[in-house]
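For reference, the structure is listed below as structure tokens.
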Amino acid sequence: LRDLISQRKNGTLPLPVLLRRNMRSPNVLDLTGHGIGDAIIVALNHVITTLPGLDTLLLKDNRLTDHSLTPLCASAVNLPTLTALDLSGNNIDESAKSIRMYLAQKKCNLRKLWLAKSDIDDMECADFMSA
């Protein structure tokens, strides 16, 4: 509480709980299971390339659709340190093409991609597996 009062006096406010960095894992952005939806991820997409050293992005079970996943995958190419991405439990349709394009990029350093329980059809899965 003292920190909050001090920050308020200094004219700064604390980061929202969702965006606070875990200092045990400062290179991980874990938004798992918050059900935040597309609007928050679209907003995050505008600043994600400015997050230094981001190596793990965990977005499991957030009710995400192509509306946010397609631009996110396009921006991920500009995250040279990203090595792990969890999109499990989200709705992946047309964004499968974006995932494939991301995986095919020479700049893609992704080593782990989780898609467990994602709403992804066989043909969509085959599309990005071709990368």
Look only at the side chain of [X] and the backbone of [Y], and say whether a donor-acceptor pair between them is shorter than 3.5 Å.
| X | Y | value |
| --- | --- | --- |
| Arg63 | Gly35 | yes |
| Asn62 | Lys60 | yes |
| Thr65 | Asn91 | no |
| Ser118 | Leu87 | yes |
| Asn27 | Leu54 | no |
| Asp86 | Ser88 | yes |
| Asp66 | Glu94 | yes |

List the atom of [X], the atom of [Y], and the distance in Å for their closest heavy-atom pair.
| X | Y | value |
| --- | --- | --- |
| Thr81 | Gly53 | OG1-C, 3.4 Å |
| Tyr102 | Cys108 | O-CB, 3.2 Å |
| Ile48 | Leu79 | O-CD2, 3.4 Å |
| Ala74 | Asn78 | O-ND2, 4.4 Å |

Rounded to the nearest 0.5 Å, what's the gap from [atom1] on [X] to [atom2] on [Y]? Could you check?
| X | Y | atom1 | atom2 | answer |
| --- | --- | --- | --- | --- |
| Leu59 | His34 | CG | NE2 | 10.5 Å |
| Asn45 | Ile40 | CG | CD1 | 13.0 Å |
| Leu85 | Leu29 | CG | CG | 11.0 Å |
| Ile99 | Thr70 | CD1 | OG1 | 8.5 Å |
| Leu57 | Leu31 | CG | CG | 7.0 Å |

- [ ] Would you check if Asn90 and Asp61 make a side-chain contact, meaning some heavy-atom pair closer than 4.5 Å?
- [x]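 Counting from C-beta outward, Asn90 and Asp61 never come under 4.5 Å.
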Task: Shared hydrophobic cluster for Val47 and Ile41 (ILVMFWY, side-chain gaps under 4.5 Å) - done: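 Linked, Val47 and Ile41 end up in one cluster.
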Open item on the list: Would a single hydrophobic cluster contain both Leu113 and Leu82, if residues Ile, Leu, Val, Met, Phe, Trp and Tyr are joined by side-chain heavy-atom contacts under 4.5 Å?
Closed with: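 Per the 4.5 Å side-chain linkage, Leu82 and Leu113 are co-clustered.
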